[in-house]
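Take a look at the structure below.
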Amino acid sequence: MWQLKTIQFAKCSVHSIIFRRLSVSDFKLSTNRDSKQFSVKENESFMANIFRRSLVPKQVFPYPDVLSLEQKESTCSLIGPFERFFSEINDAAQSDESGKVDEKILSALWELGAFALQVPPNFGGLGLNNTQYGRLCEIVGANDLGLGITIGAHQSIGFKGILLYGTPEQKEKYLPKVSTEHVYAAFALTEPSSGSDAGSIRSRAVKSDDKKYYVLNGSKIWISNGGIADIMTVFAQTELVDLKTGEKKDKVTAFIVERSFGGVTNGPPEKKMGIKASNTAEVYFEDVKIPIENILGKEGDGFKVAMNILNNGRFGMGATLSGTMKKCIEIATSHANNRVQFGQKLKNYGSIQEKLAQMSILQYATESMAFTISQNMDNGSQDYHLEAAISKIYASESAWYVCDEAIQILGGMGFMVEAGLERVLRDLRIFRIFEGTNDILRLFIALTGIQYAGSHLKELQSAFKNPSANLGLIFKEASKRAASKVGLGGCDLSSHVAPELQPYAKKTEECIDLFGQSVEVLLLRYNKNIVNEQFILNLLANAAIDIYSMVVTQSRSSRALNLNLPTAQHEVYLTKALTIQASERAMKNITTATSRRHQNLTEKFSIIARTVCEKDGVYSTGVIEV
Ligand code: MYA
């Protein structure tokens, strides 16, 4: 009989952001007879559910297919003009060199509607849904990431808050400006002392005595479009009074700030490693008077507004980088097809084949993730945060690998500016850092999933205190566990994929099953202290990422087979190869996460890192010193 120890997630006194992550927000307490009963907010996210060893296929199987014929046609009608813009008007290399985008190029983009892809037509935009938007992001990513950031910082985060949270009046006032009037937008969250720890911002807005406006003071750094934006979504601390207790508390509030309010200035464009064409600058706010009607969302809800804007835009990065990878693969393939060394074309060598195959697998998975998420969002799902974070990590790391391997295939030529890949590699580096560093997002994935699993364990724990009132829940859980003893684990992925892929789905099932079991073991072992186990959390996040890559590709290639698409067999090969690699890696990571032997290694990591920090760097006797 399995035992449930007390699992307590309290909003404990925080000394790290990760501590704050585990809260009891997902638990609703209600009194049932003499026992307190927990009812957990159900979540339809595929990935959240695997943390509790539950398979909720809806978001992934069958592969979502949201676009109507009309939407497909209207997207296709935009693809031609976008591609023409990049081949005939834009000059990525020139913008990279000059560190800015030429006005003529920007004007052409405004003409195309590229700055308002998702704004409803009645406000001057193209009214695209997420999937249509993603398709155009791919084209941008294939051609110019620097320009992509100018476009993306404007609409993916700059004014996205107005689309998501704006009042009818705010939409009426601002959306036409940012869609058609050549007014740029920016998202101003990061501050000198607040990067990954977004909740710790210091900019402050104080309400006037007549309560008609706020006065904002503070500064923001590394703001994309910060030097060119006239409208900004700005986050600042505001004092709120708890109406029940009268207690005063600082909470973040989001504001729409116009440069024309006065007191908004910016520093010079930052000198960067890549995405040089995009403008990045510090922004300063000095006694900026913001009318009260420019609060975005509710007072004090700014942190959630910021998180949801970021969640909402992350899949766009996946779509964009899927396009970048396509272009890198094209360049590498063309070289492999033509270059002769040792009497053979490069394409005939196993080591080049391995690279090209690996690059194609990563591109396929990245694209499958991005468009599974976009279509879930278009279907109205609200539970896509974990998947969006996974797709951002996967896309940014895969694109880096793919571009690097493309350079390797080209050899010396790849290192030359002319090949066009060195700029892409420089541009790509930031994608693992901004919109949430991959490190912080890995912890976000693991802890959010664990929190969800933990809430279910807590629900069970509560049920056991009053078994007669909770028989249904207990039997459901007991039969799931009994099934797992005979190896079924309650999971059945095989029925969702094409017959040819069933053995591969079986491998994924095994991963999901072991993953859920391991999360439970870890929760029971560490209780709330799991938040301190970052080595373990990273292993879980990596396994989750691999699992998501398997299910989205299995789903997409099953669809290709079912529709008898000409690419189906190739997609099946990509999926099979990916599943072999990803399932092995996931199994290893999951097993390592629960193995006590792994602690032996991580303890050493901690000791080494502590010494290196104490000594301010490398600490060993030099080779010639005695
Ligand atoms: S913009 C700057 C990006 N900055 C970041 O991403 C900051 C990263 N940090 C964080 O995300 C947060 O601080 C973390 C949580 C995650 C670390 N969704 O106590 P908490 C809720 C929904 O755990 P913390 C840039 O780079 C949570 O449930 N809710 O928070 C521009 C809790 O709720 P409750 C969330 O420990 C780049 C509350 O918040 C989320 O402080 C330009 C507090 O939680 C979430 N994710 O930190 C890009 N997280 O109180 C251009 C937390 O109810 C892009 N919560 O319990 C262009 C690309 C596309 C190109 C397109 C071309 C066309």
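Each residue takes its place number in the sequence, starting with 1. Order of appearance sets the numbers: ligands from 1, and atoms from 1 within every ligand.
Contacts of Phe444 with ligand 1, taken as heavy-atom pairs under 4.0 Å, involve the side chain alone. Residue-level proximity to ligand 1 for Gln451 is absent, since no heavy atom of it falls below 4.0 angstrom. Using a 4.0 Å cut-off between heavy atoms, Lys304 contacts ligand 1 through its side chain alone, with no backbone atom that close. Residue Leu310 touches ligand 1 through its side chain alone, judged by heavy-atom distances below 4.0 Å. Contacts between Leu136 and ligand 1 below 4.0 angstrom, taking non-hydrogen atoms only, are absent altogether. Proximity of Ala198 to ligand 1, defined as any heavy-atom pair under 4.0 Å, is shared by backbone and side chain alike. Heavy atoms of Phe303 found under 4.0 angstrom from ligand 1 belong exclusively to the side chain. The part of Ile157 lying near ligand 1 is the side chain, judged by heavy-atom distances below 4.0 Å.
Of all atoms in ligand 1, numbered sequentially from 1 with element shown, those under 4.0 Å from a heavy atom of Ile440 are 17 (C). If you number the atoms of ligand 1 from 1 as listed, the ones under 4.0 Å from a heavy atom of Asn308 come out as 22 (C). Annotation for ligand 1: atoms under 4.0 Å from non-hydrogen atoms of Gly148 are 60 (C), 62 (C). Each of the following atoms of ligand 1 lies closer than 4.0 Å to a heavy atom of Asn311: 18 (N), 22 (C), 45 (C), 46 (N). Per-residue contacts place Thr190 under 4.0 angstrom from the following atoms of ligand 1 (heavy atoms of the residue considered): 2 (C). Using a 4.0 Å cut-off to heavy atoms of Ser196, the atoms of ligand 1 that qualify are 7 (C), 8 (C), 9 (N), 10 (C), 12 (C), 13 (O), 17 (C). Less than 4.0 angstrom separates some heavy atom of Arg314 from each of these atoms of ligand 1: 6 (O).
Between the Asn294 side chain and the Ile290 main chain, no donor and acceptor come within less than 3.5 Å of each other.
In this structure, a donor-acceptor pair under 3.5 Å is present between the side chains of Thr75 and Gln132. Lys160 and Asn312 are linked by a side-chain donor-acceptor pair at a separation below 3.5 angstrom, with hydrogens and angles left out of the test. When only modelled atom types and interatomic distance are considered, Tyr165 and Asn308 share a side-chain donor-acceptor pair under 3.5 Å. Between the side chains of Tyr384 and Gln382, no donor-acceptor pair is found at a separation under 3.5 Å. A side-chain donor-acceptor contact under 3.5 Å links Ser203 and Glu191.
The ring of Phe235 has its center closer than 6.0 angstrom to the ring center of Phe187.
In this structure, Glu299 does not pair ionically with Lys251, as no charged nitrogen and carboxylate oxygen lie closer than 4.0 Å. Using a 4.0 Å cut-off between a side-chain N of Lys or Arg and a carboxylate O of Asp or Glu, Arg259 and Asp230 qualify as a salt bridge.
At a 3.5 angstrom cut-off on N or O pairs, Gly152 does not count as close to ligand 1. Some N or O of Glu435 is nearer than 3.5 Å to an N or O of ligand 1, by distance alone.
Considering Lys392, Arg429, Arg442 as possible partners of Glu397, the one that fulfils the salt bridge (Lys or Arg N to Asp or Glu O under 4.0 Å) test is Arg442.
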- Query: After noting the C-alpha distance and the side-chain angles of Asp250 and Arg204, does the key distance pass the salt bridge (Lys or Arg N to Asp or Glu O under 4.0 Å) rule?
  - Reply: CA-CA 9 Å; Asp250 275 354; Arg204 170 165 290 280; 2.2 Å; yes
